Structures are given as C-alpha cells and as structure tokens.
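Step one of this worksheet: look at the structure below.
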Amino acid sequence: MDYKDIEQLLERYWQCETSVEEEAALRDFFLKEEVPAHLLRYKNLFVYQQVQQKVGLGEDFDVRILAEVEPVVVKAKRLTLVGRFVPLFKAAAVIAIILSLGNVAQHSFSGDDGSVLAADTIGKQVTAPSVAISNDVKADQALVDSLARIDHKAHVMNE
C-alpha cells in the first residue's frame with residue numbers, strides 16, 4: 001500500500017468513517033517493521049491489539065478472582081429488649097426536655113400570683129416629639145437626683 005493511501009485511511013479513521021477491512025489494512029501496515037518516521041507515532045495504537053493478544057491472564061487469575069468474590073460471613077447480632085427500646089427512650093428524653101424548657105419559660109414570664117412579669121410596651125410607644133422630650137427631661141431629672149444622693153453619701157462618709 002502506498003503511504004498516501006495510508007495517510008488518507010488515517011484521516012478517515014480519525015473521522016470514524018473506515019470499515020473493518022480498512023482498519024485491518026491499517027493494522028497490517030503498522031505491524032511491518034518499515035514504517036515512515038512521520039507515521040511512527042500511530043504505530044503503538046494499531047499494534048496494541050496484537051501485543052495484548054499474546055499477553056495472557058496468568059495461571060493464578062482464577063484464584064485471585066475467586067478470592068475477591070468470596071462471600072463475606074455476617075454474624076448475627078443479638079439484640080436485647082432494652083437494646084430494641086433505646087431509640088424509644090431517646091425520643092422520650094427529647095420530648096421531656098422540650099416540655100421542661102417550655103415550663104421553665106412559662107414560669108419565668110409569670111409571677112407567683114399569676115401576673116405577667118414581662119411588661120407589654122407595645123401600647124406605650126412614644127410617637128410625638130414633645131412626649132419624647134418630656135420623657136427625656138424626666139429621665140434626666142431622675143439621673144441628676146440619684147447622682148446628687150450619691151454625692152451626698154460620699155460627702156457624709158468623708159466627714
């Protein structure tokens with residue numbers, strides 16, 4: 001076969017347009033010892049099948065495969081009655097914790113006489129600026145009074 005025909009067959013081979021006979025012709029060409037230098041890079045591709053036909057599986061192949069697929073022995077695990085109910089005990093403990101936290105939260109927001117300890121501030125919001133200023137004046141006056149008392153106590157202790 002001419003090198004030009006081989007190059008055309010290679011082009012068709014890379015485009016997946018060759019027939020089985022044409023691929024066999026390519027394999028036969030590359031099995032020869034005399035392959036041009038610019039086609040040497042393709043030789044391993046076509047010689048690979050011939051080389052692998054000579055390579056066998058080996059004598060110990062069956063033994064190795066059977067060793068890999070040996071069935072694994074699974075031992076039965078004994079479950080006691082308590083072991084079977086452990087998930088139920090865990091669920092009951094979670095429910096008990098949730099109910100306890102709910103009771104603690106309920107008692108922390110209500111007093112001994114049943115009155116609510118948390119003040120409702122929604123209805124007492126300040127909307128007018130004059131009311132806000134008057135509340136600030138009251139707060140400032142209370143702060144000044146408390147500071148005056150502390151100053152007076154410190155003065156009395158120093159004497």
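These numbers come from a predicted model, not from an experiment.
Heavy atoms from other residues, nucleotides or ligands lying under 6.0 Å from CZ of R41 number 12 at most. More than 12 non-hydrogen atoms from other residues, nucleotides or ligands lie less than 6.0 angstrom from CD of E17.
At least one side-chain heavy atom of L10 sits under 4.5 Å from a side-chain heavy atom of F46. Looking at heavy atoms from C-beta onward, Y13 lies in side-chain contact with L45 at the 4.5 angstrom threshold.
The nearest pair of heavy atoms linking E22 to S19 is OE1-N, 2.9 Å. Residues V35 and F29 approach most closely at CG2-O, 4.2 Å, considering heavy atoms. The minimum heavy-atom distance between L9 and T18, with the atom names listed, is O-CG2, 3.7 Å. Y3 and E34 get closest at one heavy-atom pair: OH-O, 4.5 Å.
A distance of 8.0 Å separates CD1 of I65 from CG of D62, quoted to the nearest 0.5 Å. Atom CD in E23 sits 10.0 Å away from atom CZ in R12 (nearest 0.5 Å).
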Indicate every side-chain donor-acceptor pair of residues 73-82 with a distance under 3.5 Å to a residue at least two apart or in another chain.
from	atom 1	to	atom 2	distance (Å)
T80	OG1	G83	N	3.2

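Applying the side-chain contact (heavy atoms from CB on, under 4.5 Å) criterion to S100, with sequence neighbours excluded, gives no partner residue.
Note: the hydrophobic cluster containing V86 does not contain L88 (ILVMFWY, side chain heavy atoms under 4.5 Å, direct or indirect links). The hydrophobic clustering, which links ILVMFWY residues whose side-chain heavy atoms are closer than 4.5 Å, places F30 and W14 together.
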